[in-house]
Amino acid sequence: MSTRVHKPGPVFPRPQDIPEAMRVPYYEAGARYLIRGEVRDWTGPCQEVLSPIFIAGDGGASPHPIGGQPRMTGAESLDALEAACAAYGRGSGAWPATAVADRIAHLQAFIPRMKAVRDEVIRLLVWEIGKTLPDATKEFDRTVEYIQDTIEAMKDLDRTSSRFAVEQGFIAQIRRSPLGVVLCMGPYNYPLNETFTTLVPALIMGNTVIFKPPRYGVLLHAPLLEAFAASFPPGVVNTVCGEGPVVVGPLIASGRIDVLAFIGSARVASLLKHQHPQPNRLRCILGLEAKNAAVILPDADLDLAVKECILGAFSYNGQRCTAIKIIFVHRTLAEEFCARFARAVEDLAVGMPWEEGVAITPLPDEEKPRWLRGLVDEALAGGARILNRGGATIDRTIFYPAAIFPAPLASQICAVEQFGPVTPIVPYGEPDEVIRWIAASPFGQQAALFGQDPAQLARLIDPLVNLVCRVNINSQCQRGPDKFPFTGRKDSAEGTLSVSDALRVFSIRSLVAAKSTDLNQRIVSSIVTGRHSKFLSTDYIF
Ligand code: G3H
């Protein structure tokens, strides 16, 4: 059923075209939520979840409902807040007071329970957000690996804190302590992984959590609710679901959320932060928008540059915060680069997420194709052209990928984060022009340089590392490996995430210090040997 970009054709499946293993019956279990350790059925109003995968029938392809998601109110979210605050118990609750080794054991118990619903979660990922089957599988497995790596990083962190510091006549023990109640809100492009990359470190550090799934990608969390309920004490993990202003507004306005972990738009992040009555008390870990540039230098290996830029710009339909969202190509090889890039775009397979080799799939945001087409039309009116056949064709939720050249720098397509399968290509003469553009951009996540001359690359690396947070050489932009720091400047991020950095952002250093007198040494040693404290302790986690 899949087609190529240069030859738009029917792509949506009839019911009988859907492979047996990928069929989803209407998912009734989606209308559930977790509070105080109980998985409850939601009996209030629900919103129908429509898959971006339309189903073909006699009258053409039409939207396909796959379940209902709860439309909660402020009352339920405040109830979840009460549950999370009680479990935190002002720092003395069951969870923050649990020893690190025991918190690790809870997380370890969660892993096999999570793995037990792997296929169901992956299938829902495919149907809810149109992610290809290999990418949805990778998202699940990468998340499990992230949990395992977080456990190991936590052990390391705890081992280094298990000794006393002796300094200038003082003895002290310094550890990282939890911050309180964390609100985790992941994005729709990585609804599982990017929710868990904040939720897991927040939990292991001893915080309690409320998490709200994104706009798209809600149902896939439902199979995991029992796993949470069985693995953590009541109130440690709670879920809310519904319209952001209705369910999130009251949480932030209560002033009782200590940490906001949000991956999404800069506009929403700013709105949320300003709803807190004491903004200085709110710690924010934000992953926001980006406009990552690829720079093709005059001596670039074009095969490699095209391959990496295609991956960078069109993996998961360009819906990655790390996607390459603008390409600057040196005038001397613009023609050749554009011709090869256009051929590679035309060759991408458009189809359903389970079809082998498919690259372009339906977009979860139904409004997106028309909005993207508007960006393209504005650029065309400014003198650009669509380089590839079939580019910017719309078929319901499918947007055929397009490369636009020469994209006018003044057009919206060169300014906003398109978060979709369309790439503006801009010719340049001097590398300084590109540096000035990146410096003026409101975003500062990553850049990718394609070239071979070490001296020329080094001349660009040095200014770029002070404008963005990762410079990729002859490689697409990306978050992974997850042990690398992931962050951004300006409106792209606040705080740094990586397996080990995340443990730091969800905690704060606390210490117990005493003048090193005989009396104090006797007291400290008696607390430690009598195992009276979990903080003052030399226990070593193996
Ligand atoms: O959407 C942003 C993601 O963190 C990108 O991750 O580069 O591994 O696709 P990725």
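In this text the structure is predicted, and so the values were computed from the model without any measurement. Just so you know, ligand 1 is whichever comes first in the structure, and atom 1 is the first atom listed for that ligand.
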Among E289, E417, Q418, find the one that has a side-chain hydrogen bond (donor to acceptor under 3.5 Å, both in side chains) with K325.
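So the option named by the test is E417.
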Among L192, V121, T195, which residue satisfies the side chain to side chain contact (heavy atoms under 4.5 Å, CB included) criterion with T143?
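So the option named by the test is L192.
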Show the numbers, then the answer: is there a side-chain contact (heavy atoms from CB on, under 4.5 Å) between W354 and W127?
CA-CA 10 Å; W354 51 80; W127 279 92; 3.7 Å; yes
Assign the ring pair F232 / F228 to parallel, tilted or perpendicular, where the plane angle (0 to 90°) is split at 30° and 60°.
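Answer is tilted, since the angle falls between 30° and 60°.
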What part of [X], side chain, backbone, both or neither, has a heavy atom within less than 4.0 angstrom of ligand 1?
| X | answer |
| --- | --- |
| E194 | side chain |
| R142 | side chain |
| I263 | neither |
| Y316 | neither |

Is it true that a side-chain atom of H330 and a backbone atom of I296 form a donor plus acceptor pair closer than 3.5 Å?
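No: the side chain of H330 does not pair with the backbone of I296.
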Around atom 9 (O) of ligand 1, find the nearest protein heavy atom and jot down its residue, atom name and distance.
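For atom 9 (O) of ligand 1, the nearest protein heavy atom comes out as Y190 OH, 2.4 Å.
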Considering non-hydrogen atoms of the protein only, which is the closest contact for atom 6 (O) of ligand 1, and what is the distance?
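Ranked first by proximity to atom 6 (O) of ligand 1 is R479 CB, 3.4 Å.
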For ligand 1, which atoms, with element, lie under 4.0 Å from some heavy atom of [X]?
| X | answer |
| --- | --- |
| F486 | 4 (O) |
| Q478 | 7 (O) |
| R320 | 1 (O), 7 (O), 9 (O), 10 (P) |

Side-chain donor-acceptor pair present, S475, N472, cut-off under 3.5 Å:
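Their side chains do not contain a donor-acceptor pair, so the 3.5 Å distance test is not met.
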Does F486 reach the side chain of C321, with side-chain heavy atoms less than 4.5 Å apart?
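F486 vs C321: side chains touch.
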Criterion side-chain contact (heavy atoms from CB on, under 4.5 Å) on F314 and T423, from CA distance to verdict:
CA-CA 9 Å; F314 299 116; T423 306; 3.3 Å; yes
With nothing but distance in play, are any N or O atoms of C321 less than 3.5 Å from an N or O of ligand 1?
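Yes.
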Measuring from atom 5 (C) of ligand 1, which candidate in N292, T197, L497, T322 has the nearest non-hydrogen atom?
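Among N292, T197, L497, T322, the closest heavy atom to atom 5 (C) of ligand 1 comes from T322.
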